[in-house]
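Notes to accompany the following structure.
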Amino acid sequence: RSRSHYSDIKGKNCEDQCVLQHSNRICVITLAESHPILQNGNTIKSINYQISAGCSRLQNKVSGKSKRGGQFLTELAPLCRITCTEGVEYTIYSCIRGRLLEVNEGILERPELLLEKPSTEGYIAVILPKLEESKTVTNGLLSREEYENILSKRTSSTQQGPKTEPEPC
């Protein structure tokens, strides 16, 4: 299973996500361990898969072996919104192009799974890229090594004097 990361989505500092891609091309979208939801001792108040008045990810329906009928998502399509008890809301994005196979309804009943097991039971959604795009769908995302590099730069910039870059998380 390969792991890619998406850093600073839509220019939002440190709101990093992770894409776990299986050899069968299925991708699992999760929060990266550096995401503010996992970093700041947050408590999750609510998770909402209702993206707009006419669009709910919970109404996604796929059928058959070829998984027809799932909503098609672009890289920056919102998957859900997570509100913490402090009132801060985070939008979680698809990160890749593909067909939405499922969203994790388990986190609606047990939001703590997002905090305790973000890369397993606390995943956000499962997406299937098009066959012809499956090898390239994570191009442009960061490898584990590149991601760790960014994290160490964020950490070192908080330990130095005056800041010329945006404040790291």
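Only this structure's heavy atoms are used, side chains among them; waters, hydrogens and symmetry mates stay out.
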- Query: For the atom pair CG (L31) and CG (D16), what is the distance rounded to the nearest 0.5 Å?
  - Reply: 10.0 Å
- Examine L114 and I51 and state if one hydrophobic cluster contains both, with Ile, Leu, Val, Met, Phe, Trp and Tyr joined whenever side-chain heavy atoms are less than 4.5 Å apart. no
- Inter-residue atom distance C84.SG - I47.CD1, 0.5 Å rounding: 9.5 Å
- Query: Can you check whether R81's main-chain N or O pairs, donor with acceptor, with E89's side chain at less than 3.5 Å?
  - Reply: no
- Note on the structure: To the nearest 0.5 Å, atom CD1 of I96 lies from atom CD1 of I127 at 5.0 Å
- Message: Please say yes or no: joined through hydrophobic side-chain contacts below 4.5 Å, possibly via intermediate residues, are I107 and Y90 part of one cluster?
- Response: yes
- Y49 meets the ring pair (Phe, Tyr, Trp, His ring centres under 6.0 Å) criterion, sequence neighbours left out, with none
- Straight-line distance of L128 CG to N24 CG, nearest 0.5 Å: 8.0 Å
- Query: Does one hydrophobic cluster hold both L141 and L76, with members joined at side-chain heavy-atom distances below 4.5 Å?
  - Reply: yes
- Message: Can you confirm whether E145 is buried at CD, in the sense that more than 12 heavy atoms of other residues, nucleotides or ligands lie under 6.0 Å from that atom?
- Response: no
- Item | Within residues 110-125 or reaching into it, pairs that qualify as salt bridge (Lys or Arg N to Asp or Glu O under 4.0 Å) - sequence neighbours excluded | R110-E112, K117-E121
- Task: Please answer whether the main-chain N or O of E146 pairs with a side-chain N or O of S143 as donor and acceptor at a distance below 3.5 Å.
- Result: yes
- Is there a donor-acceptor pair closer than 3.5 Å between any side-chain N or O of E133 and the backbone N or O of K130? no
- Quick one: does R97's side chain have a donor or acceptor within less than 3.5 Å of a partner on V137's backbone? no
- Please examine the side chains of C80 and V103, heavy atoms only from C-beta on, and report whether any two atoms are closer than 4.5 Å. no
- Message: If I take atom CD1 from residue I150 and atom CG from residue L142, how far apart are they, to the nearest 0.5 angstrom?
- Response: 4.5 Å
- Approximate separation, where rounding is to 0.5 Å, of I124 CD1 and C18 SG: 11.0 Å
- Query: Checking Q39 side chain against E33 main chain: does a donor-acceptor pair fall under 3.5 Å?
  - Reply: yes
- Only counting residues at least two apart or in another chain, list the ones meeting salt bridge (charged side-chain N to carboxylate O under 4.0 Å, His left out) with E148. R144
- Which of these passes side chain to side chain contact (heavy atoms under 4.5 Å, CB included) with L100: V126, I29, L73? L73
- Task: Check whether L101 and F72 end up in the same hydrophobic cluster, where Ile, Leu, Val, Met, Phe, Trp and Tyr are linked by side-chain heavy atoms less than 4.5 Å apart.
- Result: no
